[in-house]
Undergrad: 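The structure follows.
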Amino acid sequence: MVTSTVFDKARFELKTIMPLYLRLQHTIREAVSTGILHEMDPLPGEREMAEMLGISRVTVRKALADLVSEGVLVQRRGSGTFVATQRGRIEQPLSRLTSFTQDMQLRGLKAESQWLERSIALPTPQEAMVLGLSPGTEVCRLHRLRRADGVPMAIELAVVPRQFLPDPQIVGASLYAALDELGARPVRALQRLHAISLPDYEAGLLQMPVGSATLFIERVSYLPDGRTVEFTQSHYRGDTYDFVAELYVAPASQAPTHKESGPQRGRGE
Ligand code: 16G
């Protein structure tokens, strides 16, 4: 039975460096992330789990309570504890340069946009710096609320130099499709994301409480010749998006040496 594999006392005792409740949380998280436990799989009862692992029921209760508040597990009164369903969240690989429209299509969802602004303007000082423009050079400002199957997912403000996008009205459903037509689709991008509390205006558009957790993402995209074609600042709903990164061990020749202070920085950073 799956649960006897997951809650195996001998394996559990190997994780000796962690406190017991953290060991149990780690065991459950690992089983969920590796697919040993699936959505809605039932977990053994508190007493049974405590006996299987040789720990107290108080420890089991503490470990489970934290995982319930994190959304890994759900508890149903009278019927026990289950692996939570992750339906509705979108897993977005961090290493693929795709557009919102493509990302949604890949998941069988219909991407839609509501225009908040579509204009020609002068760049802000920050935009001019990031895009490498002199302050008097015009840009297209494309501010959109992005929806998937009618559900608000993100707010994006894309700024593209007019040199690459002469008229913002050219953009229909997809900015990248329009840039593709113009021979200016980006092939490389740098992206940076951090968590913020959702401000007022954005909260209203995303239909989320003010102050809820949001991912603020900045993307700077480049053409094959290295010119900067896009600077986009977005607010993504923290409750619907998981950004997933695949990590590799760097070959010895690329590993940072003691003299280097951090990871190598890419062009344009
Ligand atoms: C993605 C990009 C955004 C780009 C947009 C184009 C992130 C964080 N952002 O949402 O930079 O402008 O796709 O989408 O991934 P579109 O072609 O559907 O308009």
Side-chain angles (χ1 to χ4, degrees), residues 89-121 123-124 126-127 129-133 139-196 198 202 205-206 208 213-224 227-246 266 268-269:
R89 291 191 76 86
I90 291 196
E91 279 205 358
Q92 179 60 33
L94 275 167
S95 53
R96 237 188 288 138
L97 181 55
T98 47
S99 73
F100 183 85
T101 308
Q102 289 176 310
D103 292 337
M104 296 308 120
Q105 271 166 1
L106 284 171
R107 295 173 175 85
L109 302 172
K110 189 169 178 302
E112 291 156 331
S113 297
Q114 177 184 326
W115 286 101
L116 306 170
E117 182 190 349
R118 183 159 39 162
S119 63
I120 295 172
T124 64
Q126 185 201 14
E127 290 161 1
M129 293 268 291
V130 172
L131 292 166
L133 300 175
V139 293
C140 291
R141 299 178 74 80
L142 307 155
H143 200 188
R144 294 175 289 174
L145 172 63
R146 317 290 320 248
R147 292 198 176 93
D149 276 0
V151 179
M153 288 281 166
I155 301 165
E156 295 185 331
L157 171 61
V159 181
V160 179
R162 279 191 81 196
Q163 168 190 11
F164 306 120
L165 179 68
D167 180 355
Q169 301 299 329
I170 297 172
V171 179
S174 162
L175 168 62
Y176 279 16
L179 291 174
D180 203 15
E181 294 263 303
L182 294 163
R185 189 181 174 112
V187 293
R188 190 176 78 88
L190 290 174
Q191 196 160 288
R192 159 167 107 164
L193 59 153
H194 62 266
I196 61 162
L198 197 55
E202 285 78 7
L205 288 168
L206 292 174
M208 300 279 294
T214 307
L215 290 166
F216 181 70
I217 307 176
E218 293 174 297
R219 181 184 281 192
V220 185
S221 310
Y222 303 92
L223 296 177
R227 285 178 298 168
T228 313
V229 64
E230 171 200 15
F231 175 42
T232 296
Q233 293 173 293
S234 320
H235 291 82
Y236 274 71
R237 275 174 66 152
D239 62 336
T240 50
Y241 256 85
D242 286 334
F243 284 86
V244 182
E246 194 169 10
E269 234 181 339

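Both counts, for ligands and for their atoms, begin at 1 and track the order of listing. Because the structure is a prediction, the values reported are computed rather than measured.
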Undergrad: So is Ser174 polar-close to ligand 1, meaning N/O to N/O under 3.5 Å?
TA: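 Checking ligand 1 against Ser174, an N or O pair does fall under 3.5 Å apart.
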Undergrad: Evaluate whether atom CD of Gln169 has more than 12 neighbouring non-hydrogen atoms of other residues, nucleotides or ligands under 6.0 angstrom away.
TA: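 Yes, the 6.0 Å shell around CD holds more than 12 heavy atoms from other groups.
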Undergrad: Examine Leu175 against ligand 1 and note whether any of their N/O atoms are separated by less than 3.5 Å.
TA: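 Looking only at distances, the answer is yes, because the N/O contact criterion of under 3.5 Å is met.
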Undergrad: Can you find a side-chain donor-acceptor pair between Thr124 and Gln126 that sits under 3.5 Å?
TA: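 Absent: no donor and acceptor within the cut-off.
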Undergrad: Flag the pair Glu218 and Arg192 as a salt bridge only when some basic side-chain nitrogen lies within less than 4.0 angstrom of an acidic carboxylate oxygen.
TA: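 The answer is yes: the pair qualifies as a salt bridge.
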Undergrad: Does Arg146 have a non-hydrogen atom less than 4.0 Å from ligand 1?
TA: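 Yes; Arg146 lies near enough to ligand 1 that a heavy-atom distance drops under 4.0 Å.
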Undergrad: Could you pull out the closest heavy-atom pair between Arg219 and Leu97, with the gap in Å?
TA: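 Shortest heavy-atom separation between Arg219 and Leu97 comes out as NH1-CD1, 3.3 Å.
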Undergrad: Which of the numbered atoms in ligand 1 are under 4.0 angstrom from any heavy atom belonging to Glu156?
TA: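 Atoms satisfying the 4.0 Å criterion: 1 (C), 2 (C), 3 (C), 5 (C), 9 (N), 10 (O).
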Undergrad: Would you check if Val171 and Val160 make a side-chain contact, meaning some heavy-atom pair closer than 4.5 Å?
TA: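 No, every pair of side-chain atoms sits at 4.5 Å or beyond.
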Undergrad: Is any side-chain heavy atom of Arg237 less than 4.5 Å from a side-chain heavy atom of Val151?
TA: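 Yes, side chains in contact.
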Undergrad: Less than 3.5 Å between some nitrogen or oxygen of Phe100 and one of ligand 1, yes or no?
TA: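 Min N/O separation from ligand 1 is below 3.5 Å for Phe100.
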Undergrad: Can you list the ligand 1 atoms lying under 4.0 Å from a non-hydrogen atom of Thr101?
TA: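 So the answer, numbered in order with elements, is 16 (P), 18 (O).
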Undergrad: So is Glu230 polar-close to ligand 1, meaning N/O to N/O under 3.5 Å?
TA: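 Yes, Glu230 has an N/O under 3.5 Å of an N/O on ligand 1.
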Undergrad: For ligand 1, which atoms, with element, lie under 4.0 Å from some heavy atom of Arg144?
TA: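 In order of number, 19 (O).
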